[in-house]
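Heads up, the thing below is written out as structure tokens.
The model shown is predicted, which means the values in this text are computed figures rather than measured ones. Whatever order the structure lists ligands and atoms in, that order sets their numbers, starting from 1.
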Amino acid sequence: MIITAQQHILRQQEQYFPEAGGTFSWMLSGITLATKMIQAKIRQAGLLDVLGSAGETNVQGETQQKLDVYANQALLHCLGLRDSVAILVSEENEEPVRFERAPETGKYIIFFDPLDGSSNIDVNVSVGTIFSIFRRPSKSDQTSMSEVLQPGLRQVAAGYVVYGSSTILVYTAGRGVFGFTLDPEIGAYVLSHDNLRMPQHGNFYSVNEAQAHTFPPQYQQYLANLRNGELGRTYSSRYVGSLVADFHRTILKGGVFLYPPTNGYPQGKLRLLYEANPLAFIAEQAGGAAIDGQRRILEIQPGEIHQRTPFVIGSKAEVEAFEQVSQRTSVSR
Ligand code: P6P
């Protein structure tokens with residue numbers, strides 16, 4: 001008996017968000033539709049003229065790949081058609097996209113990275129879409145950014161799609177984590193990972209070793225401990241260079257992913273609102289943990305929509321081991 005993502009989301013909504021009256025599941029269907037459009041383009045990338053850059057640079061100053069542009073347009077279009085969406089915040093757009101909707105209709109704010117890791121597309125490495133959903137505060141001043149800059153603890157749902165050897169949607173609505181594999185024959189996401197739990201510890205660590213000499217001392221000490229068996233386990237290094245692929249392996253196999261502060265990215269490279277927050281929500285819902293080196297990612301009060309953060313996410317054992325090293329290192333300084 002197959003359970004599709006739409007059926008599952010409806011069931012979660014009836015059970016936990018009866019007041020949503022179908023708007024929540026209708027909104028999420030906008031995301032699943034857009035990701036099916038994106039994956040169709042990715043699967044044909046080598047055949048259609050979609051490889052290579054669009055010749056533009058995005059607000060991050062990064063060269064926009066054509067598929068970046070397509071993915072962003074697909075999500076803006078599909079979600080913009082959902083009346084329950086009040087504001088969209090995309091990695092590809094400098095400012096939030098606001099829809100003129102009354103607060104009782106436009107109830108949600110959605111953040112997304114439309115195609116994370118897109119520079120890997122040309123070499124056929126997995127890429128992903130990441131999304132994070134908040135309720136719009138009831139009393140909110142449309143012009144201010146306060147309704148947009150909420151801590152991750154207030155997310156109502158979050159998820160990602162990894163476009164890999166298969167296309168898998170993983171999401172949480174605060175009641176566990178569920179994975180769905182796209183069945184190309186029926187064009188539906190089918191439940192494949194029911195109540196996904198992250199192993200309490202793992203045997204993989206995932207970090208860009210080439211930058212290790214520029215990491216702060218506590219990160220260097222921690223990585224040395226992982227390598228020399230200090231945690232009582234042997235580890236292998238795995239680094240795809242595509243956040244969603246590295247995180248998907250971590251939630252399934254356990255271990256830890258890190259993007260520390262570096263000379264090039266003193267605040268870390270990854271974005272708080274549409275990369276760290278959604279993955280942190282999923283990790284904690286699956287029994288894992290996510291910190292910025294000191295604090296829970298979900299407790300950070302954002303200051304601006306594209307802000308970056310250091311990122312340590314994975315199994316409880318590995319994240320707690322980092323916190324212990326970090327405390328010892330700061331005491332000894
Ligand atoms: P580096 C991809 O560009 C990305 O934003 C994430 O998907 C990935 O985790 C990270 O950057 C890789 O960065 O500096 O190791 O190449």
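At least one heavy atom of Asp116 sits closer than 4.0 Å to an atom of ligand 1. Contact between Tyr239 and ligand 1 is present, with at least one heavy atom of the residue lying under 4.0 Å from the ligand.
Tyr160 and His248 have their aromatic ring centers within a separation under 6.0 angstrom.
Considering backbone and side-chain atoms together, Tyr265 places no N or O closer than 3.5 Å to any N or O of ligand 1. The shortest N or O to N or O distance between Glu275 and ligand 1 is not below 3.5 Å. Between Leu243 and ligand 1, a contact under 3.5 Å exists for at least one N or O pair.
Side chain of Asp116 to main chain of Asp113: no donor-acceptor pair is present (N/O by atom type, distance under 3.5 Å, no hydrogens or angles).
Ring orientation note: the planes of Phe311 and Phe257 are nearly perpendicular, at an angle over 60° on the 30°/60° scale. Using bins of under 30°, 30° to 60° and over 60° for the plane-to-plane angle, the ring pair Phe178/His8 lands in the tilted bin.
For the pairing with Phe134, the ring pair (Phe, Tyr, Trp, His ring centres under 6.0 Å) check across Phe111, Tyr108, Phe281 returns one residue only, Phe111.
For atom 14 (O) of ligand 1, the closest heavy atom belonging to the protein is Tyr259 OH, 2.6 Å.
A pairwise comparison of heavy atoms in Asp83 and Arg101 identifies O-CD, 3.0 Å as the closest pair.
At least one side-chain heavy atom of Gln218 sits less than 4.5 Å from a side-chain heavy atom of Phe322.
Using a 4.0 Å cut-off between heavy atoms, Lys269 contacts ligand 1 through its side chain alone, with no backbone atom that close.
Close contacts between ligand 1 and Ser242 involve ligand atoms 7 (O) [criterion: under 4.0 Å to a heavy atom]. Applying the 4.0 Å criterion to heavy atoms of Gly117 picks out, from ligand 1, the atoms 2 (C), 7 (O).
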